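Reviewing the structure listed below.
The model shown is predicted, which means the values in this text are computed figures rather than measured ones.
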Amino acid sequence: YDSAQLLNAGIRAVHGNINNKIAFSKALEDAKFQSVRGSGFELNHNHIPKITWYAAKVVKGAQGTPTVRLGKKIFSLLPDPFAGACKMGS
């Protein structure tokens, strides 16, 4: 879902002109959208999302069905392990 939101924001920013690859790339880098991850999402310099991670536990919900309950924050905006090796710059 975040990928679709990112593309939508980028395409709108260039008014549908995705043939201008430099402008479209910049629009994707600068895109602002409501992530399903909440505020714990941003793109790193290598274009891989930095993600905030939470502990999660499956518990019995109100109707007796399984539901996910978020626990404490484990990492804030954790970059992927290969970001430091990326030559794209920051």
Check [X] against [Y] and note the closest heavy-atom contact, atom names and distance.
X	Y	value
Lys50	Leu43	CE-O, 4.4 Å
Val14	Ala27	CG1-CB, 3.9 Å
Leu70	Ala56	CD2-CB, 4.1 Å
Ala31	Leu6	CB-CD1, 3.7 Å
Gly61	Thr67	CA-CG2, 3.7 Å

Quiz item: Lys26 pairs by side-chain contact (heavy atoms from CB on, under 4.5 Å) with which of Leu28, Asp30, Ile22?
Solution: Asp30
Could you state the interatomic distance from [atom1] ([X]) to [atom2] ([Y]), rounded to the nearest 0.5 Å?
X	Y	atom1	atom2	answer
Lys73	Thr52	NZ	OG1	5.5 Å
Trp53	Ser76	CH2	OG	13.0 Å
Met88	Asn46	CE	CG	7.0 Å
Cys86	His45	SG	NE2	4.5 Å
Lys57	Arg69	NZ	CZ	8.5 Å
Leu77	Glu42	CG	CD	4.5 Å

Self-check item: Hphob cluster co-occupancy, Ile51 + Ile48, side-chain heavy atoms under 4.5 angstrom
Solution: no
Quiz item: Would the number of heavy atoms belonging to other residues, nucleotides or ligands and lying under 6.0 Å from CZ of Phe75 be above 12?
Solution: no
Quiz item: Is there a donor-acceptor pair under 3.5 Å between the side chain of Asp2 and the backbone N or O of Val36?
Solution: yes
Quiz item: Distance-only, no hydrogens or angles: does the Asn20 side chain make a donor-acceptor pair with backbone N or O of Ala23 under 3.5 Å?
Solution: yes
Quiz item: Should Phe24 and Ile11 count as side-chain neighbours, where that means a heavy-atom distance under 4.5 Å?
Solution: yes
Practice problem: Output the rest of the hydrophobic cluster of Val59: all Ile, Leu, Val, Met, Phe, Trp and Tyr residues reachable through side-chain heavy-atom contacts under 4.5 Å, sorted by chain and number. | Solution: none
